[in-house]
**Q** 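Pasting a structure here, questions to come.
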Amino acid sequence: MKLIGLVDCDNFYASCERVFRPDLRKVPIVVLSNNDGCVIARSKEAKNMGIKMGVPWFQVKQSYLAKGGKVFSSNFALYGDLSKRIMHILGNMVKNIEIYSIDEAFLDLQHIQKTHQAHEFAIHCRKTIHQWVGIPVRIGIAPTKTLAKIASHVAKRETKTGVVCLNKRDIILNTLKNIPVNEVWGIGRQLSSHLNKAKIISAYDLATVNMRFIRTRFSIVLERTVRELRGEQCLEIQGFSNPKKQIIVSRSFRNRIDNLEVLKPLISNFAVKAGEKLRHEGQKCSQVSVFFSTSPFNKKLKHRGIYNMNFSNPTNDTRDILTGVKTILKKNFKPGYPYAKAGVLLSRFSSESIAQISLFEETNTLKQNHALMKCIDSINQYQTQVYFTAQHHSNLSPMKLSMKSPRYTTNWYELPSVN
DNA sequence: TCTGGGGTCCTAGGACCC
DNA sequence: TCTGGGGTCCTAGGACCC
């Protein structure tokens, strides 16, 4: 039987904060989103205190801190670096790995024939990561990705080994009886509410439902999920990372913005950042979009819009992108609304190596422009030193990150010190 | 007073064609 | 009353994920 492993880091961001702060091992930890807006990660202790995922920080701040909880602003430089280390270790342990998110990876275990060997292998992986990086992980093993997700979910209870293997039909079905349908990978709020109405309450109900019913009432996506729950592999491990199809840079603002003069430099920052990402991907885009919206919690003054512009030739030149967003804003911005969030989206990608030049464009100019962007990217690699005139001279948008931990592993000035 | 950011995939419906 | 039939391509928006 082909087996798939899912490695999932325990409370990843909270665990990252602990790596260089062993004094916080038993202390509740929460990590906040940008602007210290809401809670995006919690340690086990914080979960036990009843802190919910996504809850606005201001609502729980007082009581949480009073009970001795510790709080951090998000430190993605640290999380990203520790993630990279974990994925690197795993990548060396199996032939094929799919990095699914910053804290999850699917492992191809098809070289392992026997279940008990897979189990031992997983324990070895877990131990190595803990020893070399200091992050606790759990591992679920099963014949399909969807079942491996469930196995890793069940592994939360296996505090000793952190590994759960679901391979036999009766064990799988029994396990599914205790899993609510909304906890199945791919079943969100909308779907689970519709399924519940059709008396499909547990993952077991879903696995044993009539397939034609699913196909006619729902979608092919759900059908795949059902098949996967039955042990039929529909989703493969994607060992190579597919090129991105879109790039988004967006932020919520700390203070509401209602006029173009304030918004424009911020949007320009997003555009510059998006351009950097695009070049880093080795791609060009044919479309740039700008979106801005008022707060979804403001019921009185509502406005949201997304506006596109197409380039006649694919580009990854920041100056083109900046011209694009400027044109879009000039044409579409509606003053007078208290905007809470905005962003820039790049799409319709093509490879950088394919140069489709227009009739009136010189290849030399293209080369020079390309070299200029490369040069700016290399100067700005660690710290922005070259700005475009349209930009706001700050990071991305004036953001509150008052409780950020040091970038222990990625910045010379913030290395941990031992006294 | 304060409510994240960055992705993917699928589908319905419109535009357009003969 | 009743307004062809059968395609393709594109896009916006919804649902989902972490």
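This structure is a prediction, so every number in the text was calculated from the model and none was measured. Every chain is numbered from 1, with letters handed out A, B, ... down the list of sequences.
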**Q** Using the C1' atom as the reference point in each nucleotide, state the distance between dG4(C) and dC17(B) in Å, no decimals.
**A** 14 Å

**Q** Give a yes or no on whether K84(A) atom NZ has more than 12 heavy-atom contacts from other residues, nucleotides or ligands under 6.0 Å away.
**A** no

**Q** Out of dA15(C), dC18(C), dG7(B), which nucleotide sits closest to the side chain of I247(A)?
**A** dG7(B)

**Q** Any idea which of dC2(B), dG6(B), dT11(C) is nearest the R348(A) side chain?
**A** dT11(C)

**Q** Could you please name the partner base of dT8(C), counting Watson-Crick and G-U wobble pairs only when both distances are under 3.5 Å?
**A** dA15(B)

**Q** With respect to the side chain of Y100(A), which nucleotide from dC18(C), dG4(B), dC10(B) is positioned closest?
**A** dC18(C)

**Q** Out of dG7(B), dC16(C), dG4(B), which nucleotide sits closest to the side chain of K277(A)?
**A** dG7(B)

**Q** When you check the phosphate oxygens OP1 and OP2 of dC9(B), does a side-chain N or O of R224(A) lie under 4.0 Å from one of them?
**A** no

**Q** Across the strands shown, which category fits D103(A) at heavy-atom distances under 4.0 angstrom: base, sugar-phosphate, nothing?
**A** sugar-phosphate

**Q** For P243(A) and M53(A), find the nucleotide of DNA chain B closest to each by heavy atoms; which residue's nucleotide sits nearer the 5' end?
**A** M53(A)

**Q** Please tell me which of the listed nucleotides, dT3(B), dC16(C), dC18(C), lies nearest to the side chain of W185(A)?
**A** dC18(C)

**Q** Verify the contact: side-chain N or O of R256(A) to OP1 or OP2 of dT1(B), cut-off strictly under 4.0 Å; return yes or no.
**A** no

**Q** Nearest to the side chain of P56(A) - dT3(B), dG4(B), dC9(B)?
**A** dT3(B)

**Q** dG5(B) P sits how many Å from N34(A) CG, rounded?
**A** 5 Å

**Q** By nearest heavy atom, map F76(A) and K244(A) onto DNA chain B; which one lands nearer the 5' end?
**A** F76(A)

**Q** Describe the nucleic acid contact of V60(A) in one word from base, sugar-phosphate, nothing, applying a heavy-atom distance below 4.0 Å.
**A** nothing

**Q** dT3(B), OP1 or OP2 - any side-chain N/O from S252(A) closer than 4.0 Å?
**A** no

**Q** With the side chain of E104(A) defined as its heavy atoms from C-beta on, choose the nearest nucleotide among dA15(C), dG6(B), dC18(C).
**A** dC18(C)

**Q** Categorize K149(A) for me: base, sugar-phosphate, or nothing, with a 4.0 angstrom heavy-atom threshold over every strand shown.
**A** sugar-phosphate

**Q** Does K145(A) make a cation-pi contact with F106(A) (under 6.0 Å, within 45 degrees of the axis)?
**A** yes

**Q** The side chain of Q246(A) is closest to which nucleotide in this list: dG4(B), dT8(B), dA12(C)?
**A** dT8(B)

**Q** For Q62(A), does the CD atom have more than 12 heavy-atom neighbours from other residues, nucleotides or ligands under 6.0 Å away?
**A** no

**Q** How many Å lie between CG on N298(A) and P on dT1(B), as a whole number?
**A** 13 Å

**Q** For the NE2 atom on H303(A), are there more than 12 heavy atoms of other groups (residues, nucleotides or ligands in this structure) within a distance under 6.0 Å?
**A** yes

**Q** Nearest-Å distance, CD1 (I99(A)) to C1' (dG7(B))?
**A** 15 Å

**Q** Flag yes if more than 12 heavy atoms outside E236(A) fall under 6.0 Å of its CD atom; otherwise flag no.
**A** no

**Q** Atom CG of L278(A) to atom P of dG7(B): distance rounded to whole Å?
**A** 11 Å

**Q** Reckon R304(A) touches a base, only the sugar-phosphate, or nothing at all at heavy-atom distances under 4.0 Å?
**A** nothing

**Q** Mind checking if N308(A) touches a base, just sugar-phosphate, or nothing, with heavy atoms under 4.0 Å?
**A** sugar-phosphate

**Q** Taking the minimum atom-to-atom distance to the side chain of R189(A), which one of dG7(B), dC16(C), dT11(B) wins?
**A** dC16(C)

**Q** So, E17(A) versus Y79(A): side-chain donor-acceptor pair below 3.5 Å or not?
**A** yes

**Q** Using whole Å, report how far CH2 of W57(A) lies from C1' of dT1(B).
**A** 16 Å

**Q** With sugar-phosphate meaning primed atoms plus P, OP1 and OP2, does I187(A) contact a base, only sugar-phosphate, or nothing at under 4.0 Å between heavy atoms?
**A** sugar-phosphate

**Q** Measure CD1/I220(A) against C1'/dT11(B) and give the value in whole Å, please.
**A** 12 Å

**Q** Quick one: is S250(A) getting a side-chain N or O under 4.0 Å of the dG6(B) phosphate, OP1 or OP2?
**A** yes

**Q** Between dG5(B), dG13(C), dG4(B), which one does the side chain of I306(A) approach most closely?
**A** dG13(C)

**Q** More than 12 non-hydrogen atoms from neighbouring residues, nucleotides or ligands closer than 6.0 Å to NE2 on H194(A), yes or no?
**A** no

**Q** How close or far is atom C1' of dC16(C) from atom NZ of K245(A), stated in whole angstroms?
**A** 15 Å

**Q** Atom CZ of F291(A) to atom P of dA12(C): distance rounded to whole Å?
**A** 14 Å

